[in-house]
Amino acid sequence: MSTDTNGAPFSYLFRKYPGIRFLCWFSAGLLLFIVSFLVHASIRHTPELYSVTPPVGSPGDMVVLDGMYFGDSRASNFVQIGTERLTSSSYISWTDTQIKLMLPANVQNGLVSVQVAGKKSNPVMFANKTTIPVIVPPNPHTTYPMISSLSAATVSTGQLLTITGSNFGDVRGTSDVYFRTDHANLSTATNSTGQGISPADNWDYIPASADNYDYEYWSDSEIRVRVPDGAVSGNLFVKTEKGSSAFQKITLSTAAGTKKFSSGKTYLIQLSADVSDARIQKDSNAMLTLHVPRPVTLSSQPTVAMTECVPAPVLANYRNTVIHQAPFSQFTDTKKRFRQTFMISVYTLETEVNVRKVAPFSEKKRLLYTANIQSDDCVPASAPQVTQLAKEIIKQEKNPYKQAQLVYKFFLSQYTLLSRVRTGDVSPLDLISSKQGDAYDFAVIYTAVLRSLKIPAKPVSGIVVDSQLQPHTHWWCEFYIENFGWVPVDPAMGSGLQYIQFQQVADPAEFYFGSIDSRHVAFSDSWNNIKPALVSNKTVHRPRSYALQSIWEESTAGADEYSSYWNDPTIIGVY
C-alpha cells in the first residue's frame with residue numbers, strides 16, 4: 001500500500017482531502033492531453049500532390065495544383081518549384097485540395113512540391129516554356145486554316161478587310177482573327193470563348209471583337225472582318241479549332257492619330273452574392289437565377305479570364321454574364337454564397353487624334369454606328385432637353401471630335417459634381433435642370449448628348465481602384481472616331497472627383513478627355529438588356545451599380561420571399 005511522507009496511507013489521504021483528488025485528476029487529464037497531442041502530431045497527413053496544370057508554362061501564367069492535405073489556408077505553407085520557394089505575391093488561392101498561383105518572372109524548370117507544416121509532398125515535374133527548344137513543326141495538315149491573300153496591305157482601324165483562303169470553317173463558331181497589338185507586357189490573350197491562344201509562343205495579339213460587330217461575313221474560303229480597336233501594324237492570323245494559319249502582314253495607317261498603352265496592371269477581383277432565408281410554397285420547385293456581370297474587353301482592357309467560379313455555373317459566359325441557377329430549397333435553412341474570381345489586365349490608354357483628319361461618320365449602315373447613336377433604357381439620347389442642350393453647346397461646329405470636346409468642357413464648367421452617388425427613384429436627366437449630379441449622371445448624359453449629335457458613344461461602368469486597393473463604383477464613357485477607334489472620356493474625373501491615386505494626374509481636366517488610367521476596371525460598356533427566362537418571373541435590378549444591366553436576379557413562381565445580398569467587388573491581388 002502507498003503512503004505519504006508521514007506514513008499515512010495514500011488511499012486514505014485521497015479520500016479525505018478534495019485538493020489531493022483534484023491534483024490527481026488534473027495530472028491524469030494533462031497526461032492524456034499530452035499523449036493525444038503527440039499521437040495526433042505523429043499521424044498528421046503528409047501533403048499529396050496529384051497534378052500540376054498546365055505542366056508547361058511561362059511567367060505570368062496561372063497554374064493549378066490539385067491534391068490533398070494542403071490545409072485550408074496558406075499560413076506559413078509554401079510551394080517550391082525547383083530550388084525556388086514562391087513568394088506570397090504568387091498565390092491566387094489556397095484550399096485543402098487545390099492551389100492556384102501565378103508563375104513569377106524567375107520561374108525555373110524542375111520538380112514542384114508543396115510543404116505543409118514541415119512536411120513535403122511528392123514532387124511533380126514542371127517545365128518553363130521559354131526555356132524549351134523550339135522544334136521545327138511539320139508541314140501543316142490540309143485542315144489547318146490557310147490565308148492566300150488580303151484585300152489590302154495598308155488598313156485603318158475599323159476598315160473592312162477581306163481575307164481569302166481555305167479551311168476557315170463554314171461558320172465562325174469559336175474561331176477568331178487575331179491582330180498584332182502593342183500592349184506592354186501583355187501576358188495572356190483570349191478569344192471570344194475565353195480560351196487562351198499561343199501563336200508562335202507570342203502573346204501580343206488581340207482578336208477582332210464580336211461586341212463591336214467586327215465580324216461581317218465568315219465562310220470556309222472568305223472572311224470579312226473589321227480591323228479591331230487597339231490593333232497596330234504587324235502580323236495577323238486566323239485561328240480555328242483545327243489550328244492557326246501562317247502569319248500575314250498588314251500596315252496600320254496612323255493618319256487619324258495614335259494610341260499609346262502603358263502602365264499595365266493585372267487585377268485579381270472577386271465577386272460574390274449571398275442568398276438565404278427562403279420561404280417557398282409547399283411542394284414548390286421554385287428556382288433562382290443569378291446574372292453575374294463579367295468584366296468586358298476594351299482596347300485598354302484586352303484580357304479577362306475567370307479563374308474560379310463556385311458553385312459551377314449553368315453558363316460561364318452568356319450575354320457577358322455568368323449564369324447561376326439553384327432551387328430555393330437550398331436556401332431555406334442555410335446561407336449559400338455564389339463566388340467568382342476574375343483575372344483582368346488593364347492599361348493606361350493615351351490618345352493623340354489628328355483633328356484635321358476627323359470627319360462625320362460615313363458608313364452610316366455599319367452596325368457599330370447604328371447601335372451606338374440610339375436611345376435605350378439607360379441613355380436618353382432622344383429626350384427633348386438632351387437634343388436642345390446639344391444644339392446650344394456645339395452651335396455651328398461640324399467636327400465630331402471638337403463637338404465631343406465642347407460638350408466635355410461644358411459639363412466641367414456648368415455642372416457641379418456630387419461626391420456621393422444619388423439613390424432612390426432619380427433620373428440622370430435631373431443633371432440638365434438642376435445643374436448638379438453624380439458620376440453616373442455625368443457619364444449617361446454626356447453619352448446621350450453625343451448620341452443625339454450622331455456620334456457613336458457608350459457609357460462604361462465598373463470600378464476605380466485606389467492606392468489602398470479599395471474599389472469604388474464608377475462610370476465613364478467612350479466615343480468612336482471613324483478610322484481611329486474608341487476615345488475614352490471620364491467627365492467625373494475631369495471635374496475633380498478624386499480617390500487615393502497610384503500616381504497623381506497633373507491636369508485631370510485635360511487628361512481625362514482622350515485618356516484613361518489603368519485603375520479603371522470595366523464591367524460593362526453600353527446597356528445590357530437581359531430578358532427574363534419567363535415573363536411571369538420576378539426580377540431584381542440594381543440601379544447605379546458597377547454594371548449596366550436590366551436583370552441581376554430572377555425567381556420563378558412558388559418563392560414567397562428570400563434574402564439576397566450582392567457584395568461589392570473585392571480586390572484580392574494586383575500584379
### Task
Could you please spell out the steps behind the side-chain hydrogen bond (donor to acceptor under 3.5 Å, both in side chains) verdict for Gln80 and Ser113?
CA-CA 5 Å; Gln80 184 169 314; Ser113 62; 5.2 Å; no

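- Within a 6.0 Å radius of CZ in Arg319, other residues, nucleotides and ligands contribute more than 12 heavy atoms.
- A salt bridge is defined here as a Lys NZ or Arg NE, NH1 or NH2 lying under 4.0 Å from an Asp or Glu carboxylate O, and Asp466 with Arg519 fails to meet this definition.
- Counting heavy atoms from C-beta outward, Leu236 and Leu150 have side chains that approach closer than 4.5 Å.
- Formation of a donor-acceptor pair under 3.5 Å by the Thr321 side chain with backbone atoms of Ile323 is not found in this model.
- Between Ile530 and His291 there is a side-chain heavy-atom pair separated by less than 4.5 Å.
- Centroid-to-centroid, the aromatic rings of Phe328 and Tyr562 come within less than 6.0 Å.
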### Stepwise side-chain hydrogen bond (donor to acceptor under 3.5 Å, both in side chains) check, Ser524 with Ser461
CA-CA 5 Å; Ser524 63; Ser461 64; 2.5 Å; yes

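- Side-chain contact between Val124 and Ser51 is absent, with no heavy atoms from C-beta onward closer than 4.5 Å.
- A donor and an acceptor atom, one from each side chain of Ser209 and Asp214, are nowhere located under 3.5 Å apart.
- Annotation: side chain of Leu161 is not in contact with side chain of Arg224 (no heavy-atom distance under 4.5 Å).
- Of the possible donor and acceptor atoms, none in the side chain of Thr181 sits under 3.5 Å from a partner among the backbone N and O of Ile206.
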### Derivation of the salt bridge (Lys or Arg N to Asp or Glu O under 4.0 Å) call for Asp204 and Arg180
CA-CA 6 Å; Asp204 295 335; Arg180 188 79 160 84; 3.6 Å; yes

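- Note on ring orientation: taking the six-membered ring where Trp is involved, the planes of His183 and Tyr347 are tilted (angle from 30° to 60°).
- Without hydrogens or angle criteria, Asn320 side chain to Arg294 main chain gives a donor-acceptor distance under 3.5 Å.
- With hydrogens and angles disregarded, no donor-acceptor distance shorter than 3.5 Å links the side chain of Thr473 to the backbone of Ile463.
- Within 6.0 Å of OH on Tyr50 lie more than 12 heavy atoms contributed by other residues, nucleotides or ligands.
- Side-chain contact check for Val521 versus Ile269: some heavy-atom pair is nearer than 4.5 Å.
- Of all heavy-atom pairs spanning Ala117 and Asn77, the tightest one is N-OD1, 3.1 Å.
- Looking at Tyr565 and Ser563, their side chains never come closer than 4.5 Å, going by heavy atoms from C-beta outward.
- Of the possible polar contacts, one joining the Ser518 side chain to the Ser263 backbone as a donor-acceptor pair under 3.5 Å is found.
- Judged by distance alone, the side chains of Gln281 and Asp560 do bring a donor and an acceptor atom under 3.5 Å apart.
- Thr539 and Glu553 share no side-chain donor-acceptor pair at under 3.5 Å.
- A donor-acceptor pair shorter than 3.5 Å can be found between the side chains of Tyr215 and Asp176.
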### Query
Please walk me through it: do Asn567 and Ser272 pass side-chain hydrogen bond (donor to acceptor under 3.5 Å, both in side chains)?
CA-CA 6 Å; Asn567 299 288; Ser272 62; 2.8 Å; yes

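- Aromatic ring pairs are classed by plane angle as parallel below 30°, tilted from 30° to 60° and perpendicular above 60°; the pair Phe247 and Tyr205 is parallel.
- A donor-acceptor distance shorter than 3.5 angstrom exists from the side chain of Asn167 to the backbone of Tyr144, with no hydrogens or angles considered.
- Between Ala522 and Leu298, the closest heavy-atom pair is CB-CD1, 3.7 Å.
- In Glu561, the CD atom is crowded: over 12 heavy atoms of neighbouring residues, nucleotides or ligands sit closer than 6.0 Å.
- The environment of Arg85 atom CZ is sparse: at most 12 non-hydrogen atoms of other residues, nucleotides or ligands sit within 6.0 angstrom.
- Between Leu548 and Pro459, the shortest heavy-atom contact is CD1-CG, 3.8 Å.
- Pairs passing the ring-ring contact (aromatic ring centres under 6.0 Å, His included) check and including a residue from residues 80-112, sequence neighbours excluded, read Tyr91-Trp94.
- Of all heavy-atom pairs between Leu368 and Asn212, the closest is CD1-O, 3.7 Å.
- Here the two rings, on Trp552 and Tyr546, have centers that are under 6.0 Å apart.
- Distance check, rounded to the nearest 0.5 Å: CZ of Phe331 to CG of Asp277 gives 11.5 Å.
- The main-chain N or O of Phe168 is found under 3.5 Å from a side-chain atom of Trp218 such that the two form a donor-acceptor pair.
- For the residue pair Glu308 / Thr341, a side-chain donor-acceptor distance below 3.5 Å is found, with atom types taken as modelled.
- In this structure, Ser545 contributes its side chain and Arg542 its backbone to no donor-acceptor pair below 3.5 Å.
- Phe70 is not listed as a side-chain neighbour of Val79, based on a closest heavy-atom distance of 4.5 Å or more.
- No side-chain donor-acceptor contact under 3.5 Å links Gln108 to the backbone of Gly110.
- Classified by interplanar angle (parallel below 30°, tilted 30° to 60°, perpendicular above 60°), the ring pair Phe523/Phe342 is perpendicular.
- In this pair, Trp527 and His541 present their aromatic rings perpendicular. The plane angle is above 60°, beyond the 30 to 60° band.
- By the 4.5 Å heavy-atom criterion applied to side chains, Lys260 and Leu349 are not counted as neighbours.
- Looking only at distances, no side-chain donor or acceptor of Glu222 sits under 3.5 Å from a matching main-chain atom of Gly165.
- Using modelled atom types and a 3.5 Å distance limit, the side chains of Thr240 and Ser175 yield no donor-acceptor pair.
- Between Lys458 and Glu478 a salt bridge is recorded (basic side-chain N to carboxylate O distance below 4.0 Å).
- Counting heavy-atom neighbours within 6.0 Å of Lys242 NZ, excluding the residue itself, gives a total of 12 or less.
- Residues Ala286 and Ala559 share a closest heavy-atom pair of CB-N, 3.7 Å.
- Looking only at atom types and distance, the side chain of Ser221 has no donor-acceptor partner in the side chain of Ser166 under 3.5 Å away.
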### Task
Could you give me the CA-CA distance, side-chain angles and deciding distance for Asn122 and Glu48, then say whether side-chain hydrogen bond (donor to acceptor under 3.5 Å, both in side chains) is met?
CA-CA 6 Å; Asn122 57 294; Glu48 297 180 18; over 6 Å; no

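- Ionic pairing of Lys259 and Asp229 is present here: one or more N-O contacts between side-chain nitrogen and carboxylate oxygen are shorter than 4.0 angstrom.
- Ion pairing of Glu554 with Lys538 is absent here, as no side-chain N (NZ or NE/NH1/NH2) approaches a carboxylate O to less than 4.0 Å.
- Applying the side-chain hydrogen bond (donor to acceptor under 3.5 Å, both in side chains) rule to Ser300 yields no partners; only residues at least two apart in sequence or on another chain are considered.
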